[in-house]
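Since the structure comes first, as structure tokens, the remarks are kept for the end.
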Amino acid sequence: MQLAHCTVVRMKTPVAMPEGLVDDAGHAALVEALDVLGPGGIDVERPYFALSGTACFIKRHFALPDAEDLTRDHLTWEAEQLLGADVGDYVVETLITPRCGFLIAVRRQILELYGVLCRHAGLGEPGFDMTSFALCNALEHCGQGGAGAEIILQQDSAIARAVLLRDGVYEGEQAWAQDEQSVDQAMARFTATWLTDDDAAPRLWLAGGIESDDWQEFEHVAQLDPFVGLDVSDSARLVLQSADGGAGMFSVALGLAVRGLADV
Amino acid sequence: MIRIDLQPRSTRFRWIGIVAGLCVGFGAFAGALYTLDQRMPLGGLWNRLTAGESRPESRPEPASAPAAVMTAAGPPSPSMVPPQVTDAVRGVAQLARHLPPGFALHALAADSSGSFVFEGMLAGTDPLALAALLHSYATDIRVTRWSSSGGMAGASRSCRVVGKVAASTVEEAPIVQAHEVGSLFDQAEAMARASGLRGVGMVIHRVDAQGSAYVRHRVDLTGRGEPAQLERLLQSLHKLPVRVTRLAVASPVAPAPAPASAPGHGPRAEQTGDVVVSLDALVDVLVRVSPGGGI
């Protein structure tokens with residue numbers, strides 16, 4: 001496998017997602033931004049989008065031991081209780097790990113709007129994944145994690161996110177608006193809530209322009225490079241080296257790409 | 001690899017439902033037209049309209065009729081009425097203490113109207129008995145459950161309880177000055193720490209209600225602790241000029257169900273949960289206009 005192309009698509013004006021999909025001006029700005037991919041040599045047969053924010057949620061429940069079907073049945077029931085009459089407005093999925101069952105729900109309208117966006121931009125039918133799952137897949141793919149408790153800390157311009165894994169398995173997450181809470185405060189609360197006495201020396205992976213020096217309380221802190229061990233073309237390497245925040249900024253994108261390849 | 005399938009596939013039943021709904025709607029509209037035509041010939045009415053027949057004009061008001069005037073003595077518009085503060089959220093937290101030992105509470109949500117949701121695992125207690133118990137303290141109780149073992153006696157059941165607690169006190173919400181908000185929330189945070197909650201944090205929002213006379217400054221107090229600590233906090237917050245608008249408690253690590261035991265026997269096990277208490281402080285933004293018209 002090779003990283004053939006890599007690019008950063010810059011918006012002329014910021015577009016909040018997923019609200020920008022509904023707004024005419026936002027939609028037009030997104031179409032215009034995506035139009036640069038074709039002439040740039042990136043033939044997108046199937047684009048993948050990361051989902052997060054108000055249009056979707058992940059809810060954690062218990063998992064019945066050795067009873068995946070029953071756990072799924074329970075999670076479906078939970079979805080019906082939680083969403084009530086609106087359950088038809090959501091696409092509901094489940095994720096079952098050795099320790100937990102997760103209910104994932106996304107507003108159907110948002111997925112359909114992404115489809116409209118892709119049609120208008122001349123792209124193929126979109127695929128989707130949760131932002132936190134894409135980060136987990138990126139960490140798994142580069143082979144750097146997978147042991148004990150690990151936290152991936154990722155941020156973009158507005159939202160920061162902490163994702164907890166144990167032995168490479170997704171356990172939970174928390175996201176916060178950066179203008180409402182500092183990363184330090186949020187991480188202190190996250191670790192107090194999620195880490196237990198059994199989590200010895202958790203590792204912290206930084207994805208997205210976060211300084212390593214600020215995390216003295218963690219024994220192991222490293223910048224997440226999702227492209228470790230991957231054959232990278234010269235043109236893609238130039239883009240990675242010039243990107244603000246380094247290769248870690250592309251962690252979600254790499255996670256989505258890996259997921260897309262698995263779906264082929 | 002984590003791999004879930006999020007595709008907005010429309011199911012066959014969804015389309016059948018849409019078509020059926022359209023047919024029912026069209027049929028109802030056609031039926032209404034037929035009934036109306038029996039009472040008033042619609043054809044004749046249409047002919048009159050298309051022939052340009054003038055409709056009777058409304059009588060002009062006599063010149064001496066006084067114009068309607070909005071008086072300051074009228075009832076206040078809804079946006080001018082200060083919201084109310086209740087102890088309903090504290091009532092829900094107290095209600096949670098009455099849950100039987102066989103109910104392992106995983107999550108609790110409540111708002112200032114008294115509406116609540118309890119989620120957890122129920123073992124050794126009949127859901128009907130649980131509903132009957134809660135009816136002593138709340139209204140609109142609805143218990144739904146999911147069973148993992150085909151309804152066998154003693155099997156653990158995922159359970160959800162929805163209801164409403166009546167507030168014992170309802171008062172007009174206090175109004176504070178803008179410069180008081182910071183110290184007010186600092187006091188709230190100090191109360192959270194004094195109650196024994198661990199890892200206390202504060203997230204500050206600002207909610208500007210357009211067209212309202214009040215600006216709501218909102219803070220989410222977060223922490224981790226036991227029900228008794230939470231009740232101490234809620235009791236302390238009642239002394240501050242703030243509204244407790246929302247309470248959420250969740251156990252981030254799914255606990256095992258409580259061992260089945262006869263209802264009412266033994267004390268309820270204290271459970272640690274992740275707590276979020278939302279508080280509103282109201283600031284009056286009305287600008288007082290002097291009799292001369294200046295500010």
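Every chain is numbered from 1, with letters handed out A, B, ... down the list of sequences.
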Item checked: Heavy-atom check, side chain of A/V106 versus side chain of B/Q7, under 4.5 Å -> no
Checklist line | For chain B, the option from A/T191, A/D73, A/V92, A/L95 that forms the most heavy-atom pairs under 4.5 Å | finding: A/D73
Notebook entry, point to check: Counting only heavy atoms not in A/D86, do more than 12 sit closer than 6.0 Å to its CG atom?
Noted result: yes
Note to self: Taking the side chain as everything from C-beta on, heavy atoms only, tell me whether B/I4 gets closer than 4.5 Å to A/F128.
What the structure shows: no
Next item on the list: Identify the residues of residues 46-57 of chain A whose heavy atoms come closer than 4.5 Å to a heavy atom of chain B, ordered by number, or report 'none'.
Entry: A/R46, A/L51
Checklist line | Which atoms of A/S182 approach chain B - backbone, side chain, both or neither, heavy atom under 4.5 Å | finding: neither
Next item on the list: Tell me, for A/D179 versus chain B, whether the close heavy atoms (under 4.5 Å) come from the side chain, the backbone, both or neither.
Entry: neither
Notebook entry, point to check: What is the distance from atom OG1 of B/T222 to atom CD of A/Q181, rounded to the nearest 0.5 Å?
Noted result: 6.5 Å
Checklist line | Point-to-point distance, once rounded to the nearest 0.5 Å, from CZ of A/F102 to CD1 of B/I2 | finding: 8.5 Å
Item checked: A/F62 vs B/H106 side-chain heavy atoms within contact, under 4.5 Å -> yes
Note to self: What I'd like to find out is whether the side chain of B/R160 reaches to under 4.5 Å of the side chain of A/W77, using heavy atoms alone.
What the structure shows: yes
Next item on the list: Report the C-alpha distance between A/D129 and B/R3 in whole Å, list the side-chain angles of each, state the deciding distance to 0.1 Å, and finish with yes or no for salt bridge (Lys or Arg N to Asp or Glu O under 4.0 Å).
Entry: CA-CA 8 Å; A/D129 204 353; B/R3 198 171 165 190; over 6 Å; no
Next item on the list: Side-chain contact test, heavy atoms from C-beta onward, threshold under 4.5 Å: evaluate it for B/M1 versus A/V258 and give yes or no.
Entry: yes
Notebook entry, point to check: Of the listed residues (A/R189, A/Q109, A/E125, A/Q185), which shares the most heavy-atom pairs with chain B below a 4.5 Å separation?
Noted result: A/R189
Checklist line | Side-chain (A/E93) to main-chain (B/D5) donor-acceptor, under 3.5 angstrom | finding: yes
Notebook entry, point to check: Where does A/A262 contact chain B at under 4.5 Å (heavy atoms): side chain, backbone, both or neither?
Noted result: both
Check: In Å, rounded to the nearest 0.5 Å, how long is the span from CD of A/E78 to OG1 of B/T144?
Finding: 8.5 Å
Note to self: Nearest 0.5 Å, please: how far is CG in B/L6 from OH in A/Y90?
What the structure shows: 13.5 Å
Notebook entry, point to check: Can you find a pair of side-chain heavy atoms, one from B/R145 and one from A/Q81, that are under 4.5 Å apart?
Noted result: no
Checklist line | Interatomic spacing from CH2 in A/W194 to CZ in B/R224 - rounded to 0.5 Å | finding: 9.5 Å
Margin query: B/W146 vs A/L75, test: side-chain contact (heavy atoms from CB on, under 4.5 Å). Steps then yes/no.
Written below: CA-CA 10 Å; B/W146 175 89; A/L75 292 170; over 6 Å; no
Margin query: How long is the straight-line distance from CD of A/E180 back to CZ of B/R218, given to the nearest 0.5 Å?
Written below: 11.0 Å
